[in-house]
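Comments concern the structure below.
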Amino acid sequence: MALDDCDCVNASNEIKSELLFKRFLLINEKALNSNLSLDQLREIYDKKCLHRLRLGNLCVDCHWRLGFKCLALLIIISLFAIITKLPLLDGMVKNALGIKCVIPNNYFVWEATRPVTDCSICRGINGVIVLPNITRQEFHKYAYSSKPIIVKGAASHWPAVKLFSFNYFKNIFDNVDGAYEAVEEDCQFLTFKTNFLSLRDVFQMPRNRVLNVKGESPWYIGWSNCYPPVLEEMRKHYYRPHFLPADAEHAHTDYVFMGYQQGAVMHLDYISRLMWQAQLRGHKTWSLNPPPECESVCNGYTFRVHPGDIFLLDTRQWYHDTRVDDGEFSLTVSSEYG
Ligand SMILES: O=C(O)CCC(=O)C(=O)O
Ligand SMILES: [Fe+2]
């Protein structure tokens with residue numbers, strides 16, 4: 001079903017969305033009646049799409065500028081997942097907030113229900129705003145602007161810069177009762193491009209792979225720490241960024257992302273607040289793209305963060321992907337504020 005031969009160019013937005021919705025329904029119906037396998041759908045997808053989006057635990061290639069085509073394919077894949085009860089459903093049921101939903105959430109639901117972006121967050125900006133280490137007062141005007149910002153060296157003095165490592169976290173998880181179970185049941189484990197099934201698998205990988213010795217597959221993973229004994233221990237070694245507003249609300253969960261090379265595929269996050277991320281080790285390159293509704297007035301761009309930098313991003317509105325410098329180990333802590 002071609003969506004690009006849209007016959008609704010001159011219609012009002014309301015009529016356009018109704019037409020679009022009917023088309024989605026038609027695609028759904030076709031998907032339900034067809035005998036295509038998930039592999040065949042992916043093959044169609046690979047031919048049509050260039051960049052990657054995250055759908056539950058499944059990463060699909062998708063050129064984000066081809067918005068509706070990709071969206072339509074995402075719906076079909078979601079429907080198949082629901083109908084055939086594929087394992088990825090389990091990943092979808094636990095959404096980005098770590099909350100289990102009664103109705104399975106998926107990329108289509110997220111994308112279709114997200115608020116339309118006010119393009120003032122990106123209009124006229126062609127790169128990340130780089131600030132020197134700044135006071136709370138000076139930061140005030142930027143705090144809720146949703147503009148991507150780096151505060152240089154703001155985490156350089158945190159003890160975590162020296163202390164946090166693969167072994168530091170392995171040690172905690174191997175020794176704190178219930179830590180692995182909490183990630184599996186209540187927090188969130190992000191496999192990215194690896195095929196690890198759990199954080200336990202990550203902390204059991206062979207030493208050569210941990211060190212990314214030549215010939216080993218690079219790995220990059222993340223997880224949320226929502227289990228109080230683990231969180232309390234970690235938080236002894238880093239702080240809330242000092243420049244955030246004193247009355248900002250903070251999440252009860254902090255994320256860790258670590259590994260080599262791969263990073264995250266292009267995606268949006270379905271979270272409730274803005275995100276800060278402290279780059280503790282390694283250099284990482286972020287690519288940002290505005291959402292499709294701002295494509296005509298805003299540009300995407302790429303930049304690199306250094307150890308000690310704190311990066312702030314509205315990950316609900318900016319599509320983002322990451323890549324670690326070749327041969328370097330990257331480790332970050334990240335949380336939400338709002
Ligand atoms: O740090 C990364 O590699 C990805 C992080 C991310 O996607 C996020 O914090 O929303
Ligand atoms: Fe993200």
Side-chain angles (χ1 to χ4, degrees), residues 51-60 62 64 91-92 94-98 105 107 110-111 114 117 121 128 146-151 155 160 164 166 169 187-194 196 202 212 218-226 238 240-241 244 250-251 253-291 300 302-326 328-338:
H51 281 281
R52 313 191 84 204
L53 287 175
R54 198 173 170 77
L55 168 70
N57 281 345
L58 179 76
C59 288
V60 286
C62 186
W64 65 281
M92 290 169 160
K94 244 192 208 182
N95 70 11
L97 300 170
N105 209 346
Y107 198 88
W110 290 333
E111 184 62 43
R114 77 171 167 83
T117 293
I121 66 161
V128 65
S146 290
K147 291 179 178 154
I149 296 170
I150 295 174
V151 183
F164 284 5
F166 179 92
F169 287 107
C187 311
Q188 203 190 2
F189 174 59
L190 299 161
T191 56
F192 294 117
K193 295 173 195 165
T194 66
F196 291 117
V202 172
N212 198 34
W219 56 274
Y220 188 83
I221 53 97
W223 74 95
S224 67
N225 294 279
C226 69
Y238 62 92
R240 264 175 206 163
L244 293 180
H250 294 273
T253 293
D254 294 347
Y255 285 78
V256 174
F257 298 102
M258 66 181 186
Y260 298 85
Q261 285 183 15
Q262 303 166 324
V265 298
M266 191 61 77
H267 68 285
L268 281 186
D269 290 320
Y270 298 85
I271 57 177
S272 12
R273 307 180 191 88
L274 298 153
M275 183 281 291
W276 62 262
Q277 183 177 111
Q279 185 70 33
L280 301 181
R281 298 184 55 184
H283 295 82
K284 193 158 66 185
T285 297
W286 288 79
S287 296
L288 304 185
N289 278 313
T302 292
F303 53 88
R304 189 159 163 263
V305 288
H306 295 243
D309 291 350
I310 297 185
F311 174 49
L312 300 114
L313 183 68
D314 190 338
T315 60
R316 305 162 299 182
Q317 307 204 65
W318 285 93
Y319 283 84
H320 50 287
D321 73 21
T322 55
R323 187 175 167 86
V324 177
D325 279 18
D326 283 350
E328 285 194 7
F329 175 68
S330 170
L331 194 154
T332 60
V333 283
S334 167
S335 197
E336 293 172 34
Y337 77 96

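Since the model is a prediction, treat every value here as computed from it, not as a measurement. Just so you know, these numbers use all the heavy atoms, side chains as well, and skip hydrogens, waters and symmetry mates. In listed order, ligands and their atoms are each counted from 1.
- Draw a line from the Fe ion (ligand 2) to NE2 of His267 and another to OD1 of Asp269, and the angle between them is 80° (to 10°).
- Heavy-atom proximity to Phe257, at under 4.0 Å, picks out these atoms of ligand 1: 1 (O), 5 (C), 9 (O).
- For the ligand labelled ligand 1, residue Tyr220 lies inside the 4.0 Å heavy-atom shell.
- Shown in contact with His267 at under 4.0 Å from a heavy atom are these atoms of ligand 1, numbered in order with element: 7 (O).
- Atom 1 (O) of ligand 1 has its closest protein heavy atom at Lys284 NZ, 2.7 Å.
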Assess the residue pair Ser334 and Trp276 against the criterion (side-chain contact (heavy atoms from CB on, under 4.5 Å)); give the C-alpha distance rounded to whole Å, side-chain angles, the decisive distance to 0.1 Å, and a yes or no. CA-CA 6 Å; Ser334 167; Trp276 62 262; 5.6 Å; no

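- Between Phe311 and Trp286, the ring centre distance stays below 6.0 Å.
- Every atom of ligand 1 is numbered from 1 in the order shown, and the set under 4.0 Å from a heavy atom of Thr315 is 10 (O).
- What sits closest to atom 10 (O) of ligand 1 on the protein, heavy atoms only, is Asp269 OD2, 2.4 Å.
- Polar contact with ligand 1: absent for Thr332 (N/O pair, distance under 3.5 Å).
- Ion pairing between a basic and an acidic side chain is recognised when a charged N comes within 4.0 Å of a carboxylate O; Asp314 and Lys147 show no such pairing.
- Which parts of ligand 1 touch Gln277 is read off a 4.0 Å heavy-atom cut-off, strictly below it: atoms 1 (O), 5 (C), 9 (O).
- Asp269 pairs with exactly one of Gln317, His320, Met275, Glu336 by the side-chain contact (heavy atoms from CB on, under 4.5 Å) rule, that one being His320.
- In this structure, Phe196 and Trp219 have perpendicular ring planes: the angle between them is above 60°, well past the 30° mark.
- Aromatic rings from Tyr220 and Tyr260 are positioned such that their centres are separated by 6.0 Å or more.
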Determine, step by step, whether Arg323 and Lys284 satisfy the side-chain contact (heavy atoms from CB on, under 4.5 Å) criterion, reporting the C-alpha distance in whole Å, the side-chain angles of both residues, the deciding distance to 0.1 Å, and the verdict. CA-CA 6 Å; Arg323 187 175 167 86; Lys284 193 158 66 185; over 6 Å; no

